[in-house]
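Inspection log for the structure reproduced underneath, given as structure tokens.
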Amino acid sequence: MSSSNRSSSGTTMNYSRFLTAVSAARKPSPIRLLTEIQQRSPPSMISLAGGAPNPNTFPFRSASFTMNDGSTFSFDESLMKRALQYSASSGIPELVAWMKKLQRDLHNPPSASYSPERGQMDLCVTTGSQEGLCKVFEMLVNPGDNVLLDAPTYSGTLAALQPLGCNLVNVASDEHGMVPAALKEVLSRWDPAEVHQPGSTAPRLLYTIPNGGNPTGASMTTQRKQEVYELARLYDMLIIEDDPYFFLQFDKPWAPSLLSMDVDSRIIRTDSFSKILSSGLRIGFVTGPAPLVKRVELHIQASTMHTSTFTQLMVSELVHSWGQEGFLKHIDGVIEFYSKQRDAMLSSADKWLKDVAEWHAPSAGMFLWIKLKGIADTQQLIMEKAIEKEVLMVPGGVFMIDSSKPCPYVRAAFSLATPQQIDEAFRRLSLLIREAQ
């Protein structure tokens, strides 16, 4: 769009131009629709519609949960019946409502007050943020599309994108995330005035992990986010803000999110409870413009149908009993743990690796991205020699667009090992590097 069509009050988006044929062809499931009508109806409604099984035939009666602080909550028989039954594809209403309020309070997105057609902020629950990401990619990525991302990046993203047959275009990044000047350079091969012309190959999608990038630990500065957002406006791109480490930012105040800057409603944000409540419960969220979130919901209707009602109710009961203040207090405790773990890893890295490797201290997340000196490729060193010496890390190549190219990096996680184990692992690694140099 020309700059005359853009203003601080936002551009009117044409979401249909971003959809793949598969996503555009999705229709609502009539039976899922009836299920949601039934769940909103008074008890006087007699339903012979849905194919829901009778919960009286299920073998589970009740459950109780004990928290770390000793407090408890339980599912009585009626709540248990609900927990074991089908539920809405967008998520159970009370958890969706709680999360929408959290997003408004944390990010204050400009789009929260827009009309749905204009791209009002909407939200749906997904089975971990990975499911949300996969469904967003399927909604937006055609074979042959140019998709922008800043590698090294999460291997799960590469695994989801590469089979879709798109061209992954790398944008340079450093310890502060994606470099706006590099993005501008990549985009300079297209004319912003021509991106809406039929047959234009201009990218319509940019993907980034803004906080505690996996594997780099890099976090984008506010200034960079603003510059990247303005370039997205200029070239009419959607941005996927994949932010599973948002709640693991070590320094406060937390940097404003891209969602908080989103005057056009062009951000699709994925959040996860995996790192802060449980990775096995598989609860994530997609937040973004209502027309696009609804497309993700249609895909959920036709695939998983919905995230487990049981795990959603479990999380919902917990966060409602805590309230937002209690939830954020819990997160402070999680941050304190990971911050100490990070400091222990950095201390051991200084002790054992400073002559043979280099790294930047991560500002969020659970990883240290280490460049080994004098070693062109870490694949054999890590996958053979390190395993022999009983130390496991991830060779850096798996986070690159072309994993066959030599890569001198390794990723070390500080989430599970004790400070003593981290220290011993780095001692073993330092010996291996010296032998290999």
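Along the sequence shown, residues carry numbers from 1.
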Evaluate the side-chain proximity of [Y] to [X]: yes if any heavy-atom separation is below 4.5 Å, no if none is.
| X | Y | answer |
| --- | --- | --- |
| Val410 | Val394 | no |
| Val296 | Met139 | yes |
| Leu238 | Leu292 | yes |
| Arg266 | Tyr229 | yes |
| Phe75 | Phe310 | yes |
| Val286 | Leu133 | no |
| Pro152 | Thr216 | yes |
| Ile92 | Ser316 | yes |

Shortest non-hydrogen separation from [X] to [Y] and the atoms involved:
| X | Y | value |
| --- | --- | --- |
| Pro163 | Ala160 | CD-O, 3.7 Å |
| Thr20 | Leu140 | CG2-C, 3.6 Å |
| Leu429 | Ile382 | CD1-CD1, 4.3 Å |

Just verifying a value: how many Å separate [X] [atom1] and [Y] [atom2], rounded to the nearest 0.5 Å?
| X | Y | atom1 | atom2 | result |
| --- | --- | --- | --- | --- |
| Glu424 | Glu390 | CD | CD | 10.0 Å |
| Thr208 | Asn211 | OG1 | CG | 9.5 Å |
| Thr201 | Asn146 | OG1 | CG | 5.5 Å |
| Met178 | Leu148 | CE | CG | 7.0 Å |
| Thr304 | Arg282 | OG1 | CZ | 11.5 Å |
| Gln312 | His306 | CD | NE2 | 8.0 Å |

Salt-bridge criterion met for [X] and [Y] (N-O under 4.0 Å):
| X | Y | result |
| --- | --- | --- |
| Glu297 | Lys294 | yes |
| Glu227 | Arg224 | no |
| Lys100 | Asp122 | yes |

For [X] and [Y], test the side chains for any donor-to-acceptor distance below 3.5 angstrom and give the result as yes or no.
| X | Y | value |
| --- | --- | --- |
| Gln130 | Tyr154 | yes |
| Ser200 | His196 | no |
| Asn108 | Gln103 | no |
| Tyr86 | Thr309 | no |
| Ser89 | Gln301 | no |
| Ser219 | Ser363 | yes |

* Ring-face cation contact, Phe367 with Arg411, 6.0 Å cut, 45° max -> yes
* Arg269 charged N/C atom sitting above Phe285 aromatic ring, 6.0 Å / 45° -> no
* To do: Could you list all the side chain to side chain donor-acceptor pair (under 3.5 Å) pairs where at least one residue sits in residues 323-334, not counting sequence neighbours?
  => Asp105-Gln324, Lys252-Asp332
* To do: Measure centre to centre between the rings of Tyr235 and Trp190, then say whether the value is under 6.0 Å.
  => no
* Asked: If you look only at pairs with a residue in residues 152-170, which of them pass as a salt bridge (Lys or Arg N to Asp or Glu O under 4.0 Å), with sequence neighbours excluded?
  -> none
* For residues 135-156, which residue pairs qualify under salt bridge (Lys or Arg N to Asp or Glu O under 4.0 Å), counting only residues two or more places apart or in two chains? -> Arg26-Glu138, Glu131-Lys135, Asp145-Arg204
* **All side-chain hydrogen bond (donor to acceptor under 3.5 Å, both in side chains) counterparts of Arg104, not counting sequence neighbours** => none
* Contacts of Gln380 that satisfy side-chain hydrogen bond (donor to acceptor under 3.5 Å, both in side chains) - sequence neighbours left out -> Glu384
* Could you tell me how the ring of Trp322 sits relative to the ring of Phe327: parallel (under 30°), tilted (30 to 60°) or perpendicular (over 60°)? => tilted
* Between Trp369 and Phe399, how do the two ring planes meet: parallel, tilted or perpendicular, split at 30° and 60°? -> perpendicular
Check this for me: [X], atom [atom1], are more than 12 non-hydrogen atoms of other residues, nucleotides or ligands nearer than 6.0 Å?
| X | atom1 | value |
| --- | --- | --- |
| Phe137 | CZ | yes |
| Glu358 | CD | yes |
| Glu336 | CD | no |
| Ile31 | CD1 | no |

* Verdict with reasoning, His107 to Phe246, per ring-ring contact (aromatic ring centres under 6.0 Å, His included) -> CA-CA 11 Å; His107 305 286; Phe246 173 76; 5.0 Å; yes
* Hey, is the main chain of Pro244 close enough, under 3.5 Å, to the side chain of Lys275 for a donor-acceptor pair? -> no
* To do: Answer yes or no: is there a donor N or O on one side and an acceptor on the other, between the side chain of Ser265 and the main chain of Gly119, under 3.5 Å?
  => yes
* Structure fact -> Partner of Arg82 under salt bridge (charged side-chain N to carboxylate O under 4.0 Å, His left out), picked from Glu94, Glu317, Glu77, is Glu94
Could you pull out all donor-acceptor pairs under 3.5 Å where a side-chain atom in residues 61-69 meets a protein atom, sequence neighbours excluded?
| residue | atom | partner | partner atom | Å |
| --- | --- | --- | --- | --- |
| Asp69 | OD1 | Ser71 | N | 2.9 |
| Asp69 | OD1 | Ser71 | OG | 2.6 |

